[in-house]
Structures are given as structure tokens and as C-alpha cells.
Amino acid sequence: MVATTLAMFAPDYEYEETKVEVGVKGINFEATGKVEKQIGWKSLFKNQQQARKKETVLPAMEKDQACQVNVEIAEGQTKPPKYYTEGQLINVMKHAGKEVDDEALQHTLKESEGIGTEATRASIIETLKHQLYIEIRKNQVTILDKGKILCQAVEGTLLASPEMTAKWETYLNKIGENKGSQEVFLDKIKQMIKSLMQEAPKKIGDMEQALQQESEKSIIGKCPCCNHEEGKVQDKGDFYGCSRYREGCIFTLPKKFLGKSISQINIKKLLGGEKTNLIKGFTSKKGKKFDASLRYDQTEQKITFEFPKG
């Protein structure tokens, strides 16, 4: 940290770089050489300097000069693309037009700054995290099984097409210039929704087993509130809730309570009428720390504390 701060005020690192193209039997190869002129701020990072590969130094050369080269074939394997960070994912959304072949649509997406806006892109990613489509592991965006199913569901449809966003933006601009009709735009949206609704049953049928497995994985236990046979408590992202919420069951349990994360093991104990293990470090509304076990009171329908004796 200190070295990084000092490097801000140190002299520049200066070097000369030479790039040479060499023709071998009609095929051009490129070689790059570097010669350090002034170490500058890099002198503050001697360990890194020693760990670096020795720089290639090219001899003095002139255009059309003959030279002897060794050409070797190196075997290797392609590496998978690196995971995006959240910042990189936002940048990809902003520059989504690069993936569009049509130059006019590409320009439209560039003008509208891709998918979403500066104000909404971060919230879109947060929604994907909360709904358990993606998660962040060591600052890398990782897609979860639920997210893979979603990708399969929209693959090949207009919903996954940047071109669709560009065409909408183009027509919205026409409406703004009184060259297009709001009725026509909405009619096209209705046609698209109708088409997607017709395709949806087949898509869902193809993925029914995967959807069932994913649904079962999210079940934590039976709902103690509605006591219905189909009332299952599921992981909802930021909290746990009953699968029958559409039927009116409002049962929920928080994942974080008074500053402490509640483990899934303890959630299962609450659902089974047991008290949790002793949880240390709760923070009261007055800011005081305390330790306690939790229990779910079915009569009061709320979480209660049980304090250690003595």
C-alpha cells in the first residue's frame, strides 16, 4: 500500500518497444522486443521485477533485411473465457450493440447506451442476485442453476435479442418525432407477447424436470403458518417464504436478523418447532450486543428469543 502511494510521485517508467514483421514463405510473423530506459516507479516493486520474465531484446534491424528465424509449433489448449466482475457485466450491458450485425441497429443501441440505463443496470443485476439467478463469488459473477434454466427458456427468442431492444428504441424515436404511432407500437408488443405465450408451454415442457429439481432444491421445510399440504417454505433470495403466497399465506422468515445471518440449519429448526443453536452477536435497536437462541412462536407468528441460563 505504501509502495503504491509512493509510486504516484515517482518518475515514469520508460522503455523502447520494437515490433518487427518477418516473412517466412509467404506467412508473416510478428516479434516484439522491449528495452528498459528508466526503471522509474517500478524500482519500488523489486520482488515483482525479479518475478517478471526476462524481456526479449531484438537486434538492430532494417527493412527488407534477411534474417534467420526458428519457427516452432506450440501445442496447448484453449482456456474458457474469464468470469465477469459486476463492473464488467454493467459495461457489457452498456455496449450490447457490439454484438449486433446491423450497423443502423448497432448505432441505435450505442446512442441509447445499450441495455438498461445508468440508473437501472445495477438494480437489474441486484434483482438477478436476489432471485438466485446469479451470485457473486470472489468478485466474479457466477450463474446458478436457476439462471441456466432461464437462459435455456429465453434462448432463441426475441427476449434474448439486443436487436429487439434496438428496434424498439428506433420506433420510440419515431413516435417522439411524430413519425410513428403509439397504437402500432403497442400492437406489435401484443403480437410478440402472444407469440411467446404460444411457445412457452413447449419450452416449459422441455425443461419440466429441471424446473422440478430446482424447485425441490429451494424447499427448506413445511410452512408452520398455513399448515397446508402444499405449503412449503422456499428460499426466496433475501428471505424464506411460503410457496402458497399467491393463495394468501404471508409466512416469511428473514435470512438476517438483528445483524446476524441465520443459517439454513437453524431455519429448519425454527420450522420444526425447535429452538436454534446459540447465536452470538445480535445487535439490539439500542446498539447493544447479546447472545440468544431463536424459536418461532406459532401462536404469535413471530420469532422469539431464548436466553442462555446463568
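Model, not experiment: these values are computed from the prediction. Hydrogens, waters and symmetry mates play no part in the numbers below; they use all other heavy atoms, side chains included.
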P224 to V233 - nearest heavy-atom pair and separation: CD-CG2, 4.3 Å
Heavy-atom closest pair, residues G231 and C226: CA-SG, 4.0 Å
Closest non-hydrogen atom pair, I303 against P254: CD1-CD, 3.9 Å
Partner residues of E135 under the salt bridge (charged side-chain N to carboxylate O under 4.0 Å, His left out) criterion, sequence neighbours left out: R137
D291 (side chain) donor-acceptor with F307 (main chain) under 3.5 angstrom: no
E274/K268 ion pair, N-O < 4.0 Å: no
Cluster link I279 to L258, ILVMFWY, side chain under 4.5 Å: yes
Interatomic distance, K255 atom NZ to Q264 atom CD [nearest 0.5 angstrom]: 7.5 Å
Full working for side chain to side chain contact (heavy atoms under 4.5 Å, CB included) between E118 and K94: CA-CA 8 Å; E118 291 290 347; K94 186 174 181 179; 3.2 Å; yes
Nearest-0.5 Å distance that lies between atom CG in L150 and atom CD1 in I134: 11.0 Å
Atom pair CG/CG of L294 and L270 - distance to nearest 0.5 Å: 6.0 Å
Candidate pair T252 and K236, rule side chain to side chain contact (heavy atoms under 4.5 Å, CB included), full reasoning: CA-CA 9 Å; T252 61; K236 300 290 187 180; over 6 Å; no
Connected via hydrophobic side-chain network under 4.5 Å: Y15 and W41: yes
Chi angles and distances behind the side chain to side chain contact (heavy atoms under 4.5 Å, CB included) call for T18, T32: CA-CA 6 Å; T18 306; T32 303; over 6 Å; no
Short side-chain to backbone donor-acceptor contact, T276 and S293, under 3.5 Å: no
Shortest non-hydrogen contact between Q38 and Y13, atoms and distance: O-CD1, 3.4 Å
Heavy-atom closest contact (I220 atom, D235 atom, distance): CG1-N, 4.3 Å
Side chain to side chain donor-acceptor pair (under 3.5 Å) partners of residues 138-150, not counting sequence neighbours, each pair once: D145-K217
Main-chain N/O of E16 paired with K37 side-chain donor or acceptor, under 3.5 Å: no
Full working for side chain to side chain contact (heavy atoms under 4.5 Å, CB included) between Y133 and T127: CA-CA 9 Å; Y133 292 113; T127 299; over 6 Å; no
K256 side chain to S261 side chain, donor-acceptor N/O pair below 3.5 angstrom: no
Distance (rounded to the nearest 0.5 Å) between E306 CD and R295 CZ: 4.0 Å
N277 backbone acceptor or donor facing N266 side chain under 3.5 Å: yes
Pairs meeting criterion ring pair (Phe, Tyr, Trp, His ring centres under 6.0 Å) with involvement of residues 247-288, two or more places apart: F251-Y296, F257-F305, F282-F290, F282-F305
Joint cluster assignment, Y84 & L128, ILVMFWY side-chain distance < 4.5 Å: yes
Approximate separation, where rounding is to 0.5 Å, of K289 NZ and K280 NZ: 13.5 Å
Polar contact flag, side-chain donor to acceptor under 3.5 angstrom, Y83-Q88: no
Approximate separation, where rounding is to 0.5 Å, of I175 CD1 and T170 OG1: 11.5 Å
Could you tabulate the donor-acceptor pairs under 3.5 Å formed by side-chain atoms of residues 239-247, not counting sequence neighbours?
{"residue": "S243", "atom": "OG", "partner": "E230", "partner atom": "O", "Å": "3.0"}
{"residue": "S243", "atom": "OG", "partner": "K232", "partner atom": "N", "Å": "3.0"}
{"residue": "S243", "atom": "OG", "partner": "K232", "partner atom": "O", "Å": "3.3"}

Enclosure of Y171 OH (heavy-atom neighbours >12, cutoff 6.0 Å): yes
Student check: side-chain heavy atoms of L271 and L253 closer than 4.5 Å: yes
Show me the donor-acceptor pairs, under 3.5 Å and distance only, between side chains in residues 182-196 and residues at least two apart or in other chains.
{"residue": "E183", "atom": "OE1", "partner": "S181", "partner atom": "OG", "Å": "2.9"}
{"residue": "D187", "atom": "OD2", "partner": "Q191", "partner atom": "NE2", "Å": "3.0"}

Linked, directly or transitively: I265 and I219 (ILVMFWY side chains, under 4.5 Å): no
Cluster check M8, F45: I/L/V/M/F/W/Y, side chain < 4.5 angstrom: no
I136 side chain near V141 side chain, heavy-atom distance below 4.5 Å: yes
Of all pairs that satisfy salt bridge (Lys or Arg N to Asp or Glu O under 4.0 Å), the ones with a partner from residues 68-87, not counting sequence neighbours: E86-K129
CG (L278) with more than 12 external heavy atoms under 6.0 Å: yes
Within 6.0 Å of CD in E229, more than 12 heavy atoms from elsewhere: no
